[in-house]
Amino acid sequence: MEPDVFYILGNKVRRDLLSHLTCTECYFSLLSSRVTVSSTAVAKHLKIMEREGILQSYEKEERFIGPTKKYYRISIAKSYVLTLTPDMFWYKGFDLDGAELKDFQVNLSSLKEDPQGLSEMLSEFLKANRELEKILEAFRAVEAYRNKLIKMIKEEYLKSIGDMTQLAILHYLLLNGEATIEELSDRLNLKEREVREKIEEMSRFIPVKMINDGRVLLDEAKIIEGGNNGEENPGKGE
């Protein structure tokens with residue numbers, strides 16, 4: 001059955017748990033430490049998401065001596081598009097597996113801005129549906145590509161640099177564009193001073209800027225231009 005993703009996402013704790021799980025595999029106690037509710041509540045939310053088919057749990061032996069721990073991972077790869085207006089409620093889910101990265105031709109100029117009469121309005125709506133399908137297929141392809149890239153980035157960062165906290169900051173910035181020190185402090189359960197230290201460390205490898213008002217963002221121009229070429233970057237911030 002299709003998971004009730006809007007029910008799952010309607011709860012902030014579940015959204016936070018999913019966000020942490022996209023950064024790294026997590027065992028129960030680690031997840032519990034990342035959210036501001038009791039471990040009993042965390043267990044309940046995880047059970048709900050397992051029941052809906054969003055998560056899978058599995059046991060994993062630790063590298064060193066210690067008990068086997070129960071881990072969780074997200075078990076779907078989908079994107080969802082939603083439209084909610086006074087006249088439309090519509091949503092659609094897309095499997096990202098098998099999406100092909102290619103060019104898509106969309107012809108919006110052929111749509112009439114002010115159709116006249118019911119027959120013409122119906123015709124234009126159906127033509128708009130066809131163009132929307134092309135856009136959604138392009139969206140599916142780009143999301144599949146982004147998903148592939150972020151998985152590769154995580155693996156490469158851990159292999160070459162190995163700092164999970166830095167990776168969590170980078171992961172958040174890639175997906176959200178920017179963040180404040182306060183947001184990252186709350187998300188990572190670290191003091192703001194510790195977050196700043198981690199960002200300074202990360203700036204040796206990734207062009208990142210700390211703006212004076214407490215915002216943190218990636219230096220997109222430098223990254224796209226190949227600013228650090230995989231070498232340490234002095235990145236002093238602003």
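Heavy-atom basis, side chains included; hydrogens, waters and symmetry copies ignored. Positions are given from 1, in the same order as the sequence printed here.
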Side-chain touch [X]/[Y], heavy atoms, less than 4.5 angstrom:
X    : Y    : value
L18  : L55  : yes
S33  : L30  : yes
I153 : L170 : yes
M202 : L173 : yes
K78  : V5   : no

Nearest-0.5 Å distance that lies between atom [atom1] in [X] and atom [atom2] in [Y]:
X    : Y    : atom1 : atom2 : result
E59  : K69  : CD    : NZ    : 13.0 Å
I150 : T22  : CD1   : OG1   : 7.0 Å
C26  : Y71  : SG    : OH    : 8.5 Å
I206 : L174 : CD1   : CG    : 8.0 Å
L167 : L158 : CG    : CG    : 5.0 Å
D16  : R187 : CG    : CZ    : 7.5 Å

Donor-acceptor pair, [X] side chain versus [Y] backbone, under 3.5 Å?
X    : Y    : value
E183 : T180 : yes
N11  : V13  : yes
S75  : G53  : yes
R14  : L9   : no
S57  : Y72  : no

For salt bridge (Lys or Arg N to Asp or Glu O under 4.0 Å), just list the numbers for E156 and K159, CA-CA rounded to whole Å, side-chain angles, deciding distance to a tenth of an Å, and then say yes or no. CA-CA 5 Å; E156 181 63 26; K159 182 175 71 174; 3.5 Å; yes

Greater than 12 external heavy atoms within 6.0 Å of [X]'s [atom1]:
X    : atom1 : answer
Y145 : OH    : no
R51  : CZ    : yes
E50  : CD    : yes
E220 : CD    : no
R130 : CZ    : no
Q105 : CD    : no
Y80  : OH    : yes

Whether F94 and F139 hold their rings parallel, tilted or perpendicular, with breakpoints at 30° and 60°: perpendicular

Please answer: with hydrophobic residues joined when any side-chain heavy atoms are less than 4.5 Å apart, are [X] and [Y] in the same cluster?
X    : Y    : result
Y27  : V35  : no
L96  : I54  : no
L111 : L132 : no
V195 : I161 : yes
M164 : I74  : no

Any ion pair linking [Y] and [X] (charged N to carboxylate O, less than 4.0 Å)?
X    : Y    : result
E131 : K134 : yes
E124 : K112 : no
R140 : E137 : yes
K198 : E194 : no

State, to 0.1 Å, how close [X] and [Y] come at their nearest heavy-atom pair, and which atoms those are.
X    : Y    : result
A77  : D97  : CB-OD1, 4.3 Å
T83  : T85  : CG2-CG2, 3.9 Å
C23  : A168 : SG-CA, 3.5 Å
H45  : L17  : CB-CD1, 3.9 Å
A141 : F104 : CB-CE1, 4.2 Å
L184 : A179 : CG-CB, 3.9 Å

Considering the options L82, V81, L84, which one meets the side-chain contact (heavy atoms from CB on, under 4.5 Å) requirement together with W90? V81

Using the side-chain contact (heavy atoms from CB on, under 4.5 Å) definition, which of the options K209, Q166, M210 pairs with I199? M210

Evaluation steps, salt bridge (Lys or Arg N to Asp or Glu O under 4.0 Å), between R196 and E200: CA-CA 6 Å; R196 290 180 182 274; E200 287 288 347; over 6 Å; no

